[in-house]
Structure formats: C-alpha cells, structure tokens
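What follows is a single structure, written as structure tokens, with notes after it.
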Amino acid sequence: MSRVCQVTKKAVLSGNNVSHSNRKTRRRFLPNLQAHRFWIPSEKRFIRLVVSHKGMRTIDKLGIETVIAKLRSQGDKV
C-alpha cells in the first residue's frame with residue numbers, strides 16, 4: 001500500500017531530525033492515513049478508500065457521491 005491519500009493526494013514528506021546540538025539526520029513525515037469503508041447509496045455497495053484525516057473531513061463536507069465522481073473524472077480507479 002503506498003502512503004498516499006486517495007482523496008487529497010497527501011503523501012510522505014522528508015525533512016530533518018534536529019538534535020539539541022543541532023546535528024541533522026534525515027527523517028520522514030508520514031500522513032495520517034486510515035483505511036475506511038464508505039457506503040455508496042446509489043450503487044448500494046461499500047467502497048474501501050485509504051484516506052487521510054483531512055480526506056475524511058472533505059468527504060463529510062462534500063459527500064461521498066461528489067468525491068467519488070470527482071475521483072472518477074480525474075481517471076482514478078475507484
């Protein structure tokens with residue numbers, strides 16, 4: 001599973017761990033991804049998406065039907 005949100009396209013970022021002595025070592029910032037099943041009433045089935053917390057908030061705001069339609073128009077397999 002790649003670490004990318006299917007709704008917002010948030011992905012892994014890289015940066016530095018900075019110690020007290022100001023030494024820098026590389027680190028990764030991982031998005032808050034959750035695997036979640038959403039019910040689609042028009043298709044009468046569940047769909048499984050890997051979404052970030054912000055992606056879930058977007059789905060709550062716009063509705064799952066709107067988000068799925070937008071993803072399909074962009075060419076994503078949903």
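Index from 1, following the sequence.
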- Task: Mark yes or no for whether Thr8, through its side chain, and Cys5, through its backbone, hold a donor-acceptor pair below 3.5 Å.
- Result: no

- Task: Would you confirm whether Gln6, through its side chain, and Val51, through its main-chain N or O, come within 3.5 Å as a donor-acceptor pair?
- Result: no

- Task: Answer yes if the side chains of Arg26 and Asn16 hold a donor-acceptor pair under 3.5 Å, and no otherwise.
- Result: yes

- Message: So Ile64 and Leu49, do their side chains get closer than 4.5 Å, heavy atoms only?
- Response: yes

- Query: Does CZ in Arg45 sit with more than 12 non-hydrogen atoms of other residues, nucleotides or ligands closer than 6.0 Å?
  - Reply: yes

- Do the charged groups of Glu43 and Arg72 touch, with an N to O distance under 4.0 Å? yes

- Return yes if a side-chain donor-acceptor contact under 3.5 Å exists between Ser42 and Glu65, otherwise no. yes

- Note on the structure: With Ile68 as partner, the option from Asp76, Ile47, Val7 fulfilling side chain to side chain contact (heavy atoms under 4.5 Å, CB included) is Ile47

- Message: So for atom NZ, which belongs to Lys54, do other residues, nucleotides or ligands contribute more than 12 heavy atoms lying within a distance under 6.0 Å?
- Response: no

- Same cluster (ILVMFWY, side-chain, under 4.5 Å), Leu71 and Val4: no

- Residue pairs passing the ring-ring contact (aromatic ring centres under 6.0 Å, His included) test with at least one member in residues 46-65, sequence neighbours excluded, are Trp39-Phe46

- Note on the structure: In Leu62, Val78, Asp60, the residue satisfying side chain to side chain contact (heavy atoms under 4.5 Å, CB included) with Val67 is Leu62

- Message: Val12: which residues meet the side-chain contact (heavy atoms from CB on, under 4.5 Å) condition with it, sequence neighbours left out?
- Response: Arg3, Arg28, Leu30, Pro31

- Item | Non-neighbouring partners of His36 that pass ring-ring contact (aromatic ring centres under 6.0 Å, His included), sequence neighbours left out | Phe38

